[in-house]
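Everything on this sheet refers to the single structure shown next.
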Amino acid sequence: MEAPVEAPVDEPYLTELATGVHAFIQPDGGWCLNNAGFVTDGDTTLVVDTAATERRARLLRQRIAQSGAATPRMVVNTHHHGDHTYGNGVFAPEATIIGHAACRRELLAAGRQLHAVWPEVEYGDIRLTPPTVTFTDELSVHVGGIEVRLLHPGVAHTPGDTVVWLPEQRIVFTGDLVFHGGTPFVFMGSLSGSLRALELLRSLDAATVVPGHGPVTGPEVYDGIERYLRYVDRLAREGRAAGRTPLEAAREADLGPFAELAESERLVANLHRAYAELAGAEPGAPLDALTGFGEMVAMNGGIPMACHA
């Protein structure tokens, strides 16, 4: 079945969150359309995540320059997925790439991950550039007088997630621990770990939340994510007890209020992770990506998910 012709997505835009702190929002927040951001005191600039294509990463760099900020000298990756890291090479070697140790490991292992899933996309000149500065639990970086705390929540969306927390400004960049308006995705991480990550996020008492995908929001977004994850946990327990496969359980599921979320096909991939954890698998243990993505296509009516980057 051929994919339908879709309208072009809107161009990314900057939104100022506090003095020296901006989010780079990429509508509509679907597959490959992540958010990024930057923190600057005028002399020093730190970027949070990059983008899936060279064009979009260069647009991010251009918007930073147009704001009057200095050339970025640091880039923090919230995790290894290509939509957040493919553009690292646009900023390196002038900028040092920082991330969790598992982010570096997973990026090197995954290689040209987006090319494998969406080979038709014009990515441009992508030079895989993993973090060269890594941490395991917590790292503080100072952008002039602005403290930027990098916190690892444990295995959640991926094994190498980083929360970027600005305590004075009460702004948090969550990476893909938070999808605002989209379906959470824990296939490469942990369902139970994602619930624990929400506890960490709540404990920060942030006023402004920059999600990995979707518009800027507030901490109220955590409640909906928790409800969805607990729904997936319940479906997995019931489906496994009844002898249903993740795909069978997903097809029979009543999404109820979660039907409003974009990328609903992620349910089957999330169930694969939940089933694996119920069977005793370690959080983040590799699952069969071909099965996971293939069954998401099946849930999407046989139409491959679109990457609009």
Side-chain angles (χ1 to χ4, degrees), residues 11-26 32-101 103-104 107 114 123-135 138-151 160-169 171-176 208 210-213 216 309:
E11 281 292 286
Y13 62 90
L14 278 188
T15 181
E16 186 173 13
L17 308 176
T19 301
V21 184
H22 290 76
F24 179 78
I25 306 300
Q26 298 202 85
C32 303
L33 293 172
N34 67 299
N35 296 329
F38 65 96
V39 181
T40 185
D41 71 340
D43 297 322
T44 303
T45 302
L46 176 149
V47 178
V48 180
D49 283 334
T50 55
T53 66
E54 180 189 7
R55 182 185 76 83
R56 286 176 176 267
R58 291 198 180 281
L59 179 60
L60 169 59
R61 182 162 184 152
Q62 178 185 344
R63 296 288 171 81
I64 293 170
Q66 289 170 342
S67 77
T71 299
R73 298 301 181 190
M74 294 176 280
V75 171
V76 174
N77 288 148
T78 60
H79 60 290
H80 75 279
H81 287 162
D83 50 336
H84 296 256
T85 62
Y86 260 22
N88 285 358
V90 167
F91 294 90
E94 294 168 291
T96 298
I97 313 299
I98 304 169
H100 189 267
C103 173
R104 174 182 169 84
L107 191 157
L114 298 185
Y123 294 103
D125 180 17
I126 299 301
R127 292 172 288 118
L128 296 178
T129 309
T132 54
V133 172
T134 62
F135 70 101
E138 180 175 340
L139 177 67
S140 288
V141 179
H142 296 270
V143 179
I146 303 173
E147 180 185 7
V148 181
R149 295 179 61 198
L150 310 181
L151 310 172
D161 294 317
T162 292
V163 172
V164 181
W165 167 231
L166 281 61
E168 183 177 345
Q169 292 78 12
I171 297 169
V172 64
F173 291 83
T174 67
D176 287 0
T208 303
V210 183
H213 297 253
V216 174

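Nothing fancy with the numbering, it's 1 onward along the sequence.
Looking at Arg56, its side chain never comes within 3.5 Å of a backbone N or O of Gln26 through a donor-acceptor pair. Counting only distance, with no hydrogens or angles, the side chain of Arg61 and the backbone of Val90 share a donor-acceptor pair below 3.5 Å. With hydrogens and angles ignored, the 3.5 Å screen pairs a side-chain donor or acceptor of Thr85 with a backbone N or O of His80.
In this structure, OG1 in Thr129 is found 11.5 Å from OH in Tyr86, a value given to the nearest 0.5 Å. Interatomic distance, Gln169 CD to Ile146 CD1, rounded to the nearest 0.5 Å: 5.5 Å. Of the inter-residue distances, the one linking Leu166 atom CG with Arg149 atom CZ reads 11.0 Å to the nearest 0.5 angstrom. Atom-to-atom distance recorded for Leu139:CG and Leu151:CG is 9.5 Å, nearest 0.5 angstrom. Taking CZ of Arg104 as the start and CD1 of Ile98 as the end, the distance is 13.5 Å to the nearest 0.5 Å. Once rounded to the nearest 0.5 Å, the distance linking CG of Leu107 with NE2 of His100 reads 14.5 Å.
Summarising the geometry of Leu114 relative to Gly82, their closest heavy-atom pair is CD1-C, 3.5 Å, with the distance given to 0.1 Å. The two residues Leu17 and Ala23 have their closest heavy-atom pair at CD1-CB, 4.0 Å. Minimum interatomic distance between Asn34 and Ala52 (heavy atoms only, all atoms of both residues): OD1-N, 4.3 Å.
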Where do Val164 and Val148 land on the side chain to side chain contact (heavy atoms under 4.5 Å, CB included) test, with the steps shown first? CA-CA 7 Å; Val164 181; Val148 181; 3.5 Å; yes

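Note on residues 46-55: pairs passing salt bridge (charged side-chain N to carboxylate O under 4.0 Å, His left out), not counting sequence neighbours, are Glu11-Arg55, Glu54-Arg58. Counting only residues at least two apart or in different chains, ring-ring contact (aromatic ring centres under 6.0 Å, His included) contacts with residues 33-71 comprise His22-Phe38. Note on residues 64-83: no pairs pass salt bridge (charged side-chain N to carboxylate O under 4.0 Å, His left out), not counting sequence neighbours.
Qualifying side chain to side chain donor-acceptor pair (under 3.5 Å) partners for Asn88, counting only residues two or more places apart in sequence or in other chains: Thr50, Asn77. Taking the ring pair (Phe, Tyr, Trp, His ring centres under 6.0 Å) definition, one finds that Phe173 meets it with nothing, sequence neighbours left out.
Looking at Pro130 and Ile97, their side chains never come closer than 4.5 Å, going by heavy atoms from C-beta outward. The side-chain heavy atoms of Cys103 and Thr162, taken from C-beta on, include no pair separated by under 4.5 Å. Within the 4.5 Å cutoff, no side-chain heavy atoms of Phe135 are placed close to those of Val141.
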Distance-only check: which donor-acceptor pairs under 3.5 Å involve side-chain atoms of residues 40-48, not counting sequence neighbours?
{"residue": "Thr40", "atom": "OG1", "partner": "Gly42", "partner atom": "N", "Å": "3.0"}
{"residue": "Thr40", "atom": "OG1", "partner": "Thr44", "partner atom": "O", "Å": "3.0"}
{"residue": "Thr40", "atom": "OG1", "partner": "Thr45", "partner atom": "OG1", "Å": "3.0"}
{"residue": "Asp41", "atom": "OD1", "partner": "Asp43", "partner atom": "N", "Å": "2.9"}
{"residue": "Asp41", "atom": "OD1", "partner": "Thr44", "partner atom": "N", "Å": "2.7"}
{"residue": "Thr45", "atom": "OG1", "partner": "Ala70", "partner atom": "N", "Å": "3.3"}
{"residue": "Thr45", "atom": "OG1", "partner": "Ala70", "partner atom": "O", "Å": "2.8"}

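His79 and Asp176 form a side-chain donor-acceptor contact under 3.5 Å, judged by distance and modelled atom types alone.
Atom CD of Glu168 sits in a sparse spot, with 12 or fewer heavy atoms from other residues, nucleotides or ligands closer than 6.0 Å.
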